[in-house]
Amino acid sequence: MNIRIEAAQAGEIALSPVLPSSLQPLQIPDTIGYGAAGPYGHVLMQQMEGEGITAIYHSLYFTQGDQVIYRSDEPAIRLQIILRNSYHYESMHLGKGILHERGISLNYVPLVNASLKIRPGETYSHFSVYYQKEHLLTLQSSFPTLIPFLAKICVEQPALFGENYTIADAAILSVVDNILGCTYSGHVRELYIHYLCTELLLLSLVRMTSNTPSSGTIGEEDAYRIYKAKELLLQDMGSSISLSSLAEETGLSIYKLNHGFKAIYGIGAAEFLHESRMKMAHQALSETDTTIGIVARASGYSHPHAFALAFKKYFGYTPAFVQRSSRAAFFISSFIVFLIPFS
Amino acid sequence: MPIHSTTPTLRGAILRPLLPEPSGTTAFPDVRELQSSGCFSSLLFYDDQCPDFCIRLSNYFLGADAGWFEKSSGDRLLVLQFVLHDCLYYKLGDHERRSMSEGQFNFFGAPSISKINWFDAANSHADTLDIHFSPAHLKQLADDYPEFTRWIAKRESSSELSATPASVTPIMLRMLHAIIDCSYTGELRRTYMQSKTAALLLLALEQLIHHPSRESTTIPLRKYDLEKLYEAREFLLHNIENPPTLKQLAHKIGMNEFKLKKGYKQVFGTTIFGDFNKVRMEEAKNYLLGTDKSIADISMLAGYDDPPNFIRAFKHYFGLAPNQFRKQYLTANGNMRS
């Protein structure tokens, strides 16, 4: 995808395939990165190819409030999943709208021309997957609502799939994680990304067409209060911060707080905290040498047994299993290091 | 034969009574029936059929006695098999009996399906998930895994892709659960399964080819233990003529037998006996090719009391009996020695 970016205040932002040194630590291995950094902040796009499917992980950070315009002359059938912050956009073809964290949109535009309102000092990130028409054609028998959407694509009319605001569930987010964390290279990587992006489209379509009752809408300001509450929750997952103190800190009522979590994440504050704890625990166990007892305490469980039960219920396997499989990998890598003086 | 169903998580199950001697209808990947004989019954819950692959979840139930279960068909077998519960003993072709335990997997190939699964009386029931692939579908990946291509090209032999089964990783286990719990139907199910199985296959190949022989039960070893193991190997290689028993070796270096055995394999990739045997065989080869000594003498020198035992071991290691080996080498080199 050939995407040009321009900001109202910062002017034309020239993306370079050679990443500025400040962005290099952010680069995901084996992706094609395009980035720019300056006194205004930074823009980073990381592209992955998957046999006809292109996926781009976007991230933006601006020190000053600004209006960023994305342009491309190519048509795009894209699935967008917002990973961080609220996207307040205005598209030439699709009109105005707002997508909060975890919001999903499947749309078609004959050419890209959309502006995004940027708040100062906030990081924005989203994941876009560009599909070909053929990928949707094979699915239209399962999703009849794809037929009018495809009809519009055929006559190059902009189109937005689905009427309801859709929130990504845990399954969708875990596929995104797998794509971003893919450790393959070369052709296998392309195949793997292709399969995962196909699955992502499928799961998203199921989610968008299922009749889940809408959890209500939320205004932009309230959304930022919820993000603040989220930060507070995530800062210390070991302690159990009460809903009332969270409400006090963010200036929302308990009702609005819970309601806001539901509107953005599709789950209440307590469930959100549980989900975050479980994911954190999984990561700690698979990537570090931390003992289960310590991970349990860090996730707010005073007893490892209770933690193990909750973990198993959430993931379907025990914390010890994660630890064992990562230990085996860790042992091999540490052993190689140890071998060098001998060889 | 009565069929017991104990797994409530499966939807859309096609339950069919197992046929005694079916009329050769078993053709992959459209299998619907399994042959069975023995004192247990087996269930097949679903059989997702796509042109490229077929997924089957099997539950094996066992009666009071040990039993066996045989699959056979005229078609080529290419299957990725995961053991989901308990332990599976199997026999592939004319190989000896092997086993895979819960959480392990391997890729099997055989010119015609001839795989026997055994069950010990202690096993109450075992579950496996099998994904049968068509050779054409596997070819798509062939370019990326040369080892795999070579292995597939060996159409005539029955073998496992990796000598030791690999263990599932958390991400693979999540995919397996997603496949088992999938509630989609029709075209949607097929598309979903296609991308899931393909991604799972890639992950499996990565484990089987690039991280082989990783035993599920690796024991933690500290730096101190590693030094001990190097010491053990050193000692062993210096005492080939008078080999220590495992017990003596364990005493010598100060490590318990279990840890020595397990750790040795984990670190050096071979067993103590394997290493010892390798040195003995190389030594015998040198005598055989470098001297005029008789086979009986060489067998003594290599530490065998009984020449036939030596000949058998030599043949097993080099593929040729010692005298044939000597003859072949000498003709190839134009009898340079004399």
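Here is the naming used below: chain letters follow the sequence lines, and residue numbers restart at 1 for every chain.
Summarising the local packing, NZ of B:Lys252 is surrounded by 12 or fewer heavy atoms from other residues, nucleotides or ligands at distances under 6.0 Å. In the displayed structure, A:His303 atom NE2 is contacted under 6.0 Å by at most 12 heavy atoms of other residues, nucleotides or ligands.
Judged by distance alone, the side chain of B:Gln194 and the main-chain N or O of B:Phe53 form no donor-acceptor pair under 3.5 Å. Side-chain N or O atoms of B:Ser162 include one that pairs as donor or acceptor with a backbone N or O of B:Thr164 at under 3.5 Å.
Of the listed residues (A:Thr138, A:Leu196, A:Val206), the one with the most heavy-atom contacts under 4.5 Å to chain B is A:Val206.
Residue contact with chain B, scored on non-hydrogen atoms closer than 4.5 Å, involves the backbone and the side chain of A:Phe315 alike. Of the atoms belonging to A:His194, not a single heavy atom falls under 4.5 Å from chain B. Neither the backbone nor the side chain of A:Ser286 has a heavy atom closer than 4.5 Å to any heavy atom of chain B. Of the two parts of A:Leu191, the backbone and the side chain both hold a non-hydrogen atom closer than 4.5 Å to a non-hydrogen atom of chain B. Interface remark: B:Met172 contributes no atoms to any contact with chain A (heavy atom separation under 4.5 Å). Interface residue B:Leu203: backbone and side-chain heavy atoms are both found under 4.5 Å from chain A.
Of the charged side-chain nitrogens involved, at least one lies within less than 4.0 Å of a carboxylate oxygen, so that A:Glu199 and B:Lys196 count as a salt-bridged pair.
Taking CG of B:Leu202 as the start and OH of A:Tyr184 as the end, the distance is 5.5 Å to the nearest 0.5 Å.
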